[in-house]
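Written below as C-alpha cells is the structure these notes are about.
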Amino acid sequence: MDLRVMVMLLFLCALAISTTEGGIPKCCVTTSMNIPTNVLKKVERAEMQRSNGVCDINALVLHVKGKKLCAHPKVKRKLKRMQRKKDGKPKRN
C-alpha cells in the first residue's frame with residue numbers, strides 16, 4: 001500500500017476517535033443539597049445543566065480546583081450569598 005494512503009488512513013482514524021470522544025457529554029446523574037460551606041467558598045465557576053438537552057436532570061455544576069461537583073439547583077442561592085460576602089457587596093433588599 002502506498003505510504004500516502006497509509007498516512008491518510010491513520011489520520012482519519014485519529015480524527016474519528018477524537019471527535020466521538022469529544023461528543024459525549026458529561027452529565028450529572030445525581031445532585032446534592034449538602035455542599036459544605038468551605039467547598040462553596042472555593043468555587044471557581046458554576047454553570048447550569050438543563051434537563052431539556054442531552055442530560056436527564058437539572059443540576060448546578062460547580063467547578064472546584066479542576067473537579068466538577070453536581071449540586072441541586074437550589075444551592076445556587078447559597079452560592080450567590082457566599083460570593084456576595086466574599087466580594088464585600090451589601091445585600092440587596
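Starting from 1, each residue takes its place in the sequence as its number.
For CE of Met82, the number of neighbouring non-hydrogen atoms (other residues, nucleotides, ligands) closer than 6.0 Å is greater than 12.
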Listed pairs under 3.5 Å, donor-acceptor, residues 54-63 side chains, sequence neighbours left out:
unit_1	atom_1	unit_2	atom_2	d
Asn58	OD1	Ser51	N	2.8
Asn58	OD1	Ser51	OG	3.4

Taking distance alone, no hydrogens or angles, what donor-acceptor pairs closer than 3.5 Å link side-chain atoms of residues 33-46 to residues at least two apart or in another chain?
unit_1	atom_1	unit_2	atom_2	d
Glu44	OE2	Lys65	N	3.1
Arg45	NH1	Glu47	OE1	2.8

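The list of salt bridge (Lys or Arg N to Asp or Glu O under 4.0 Å) pairs with a residue in residues 67-80, not counting sequence neighbours, is empty.
Arg84 CZ to Leu79 CG: the interatomic distance, rounded to the nearest 0.5 Å, is 10.5 Å.
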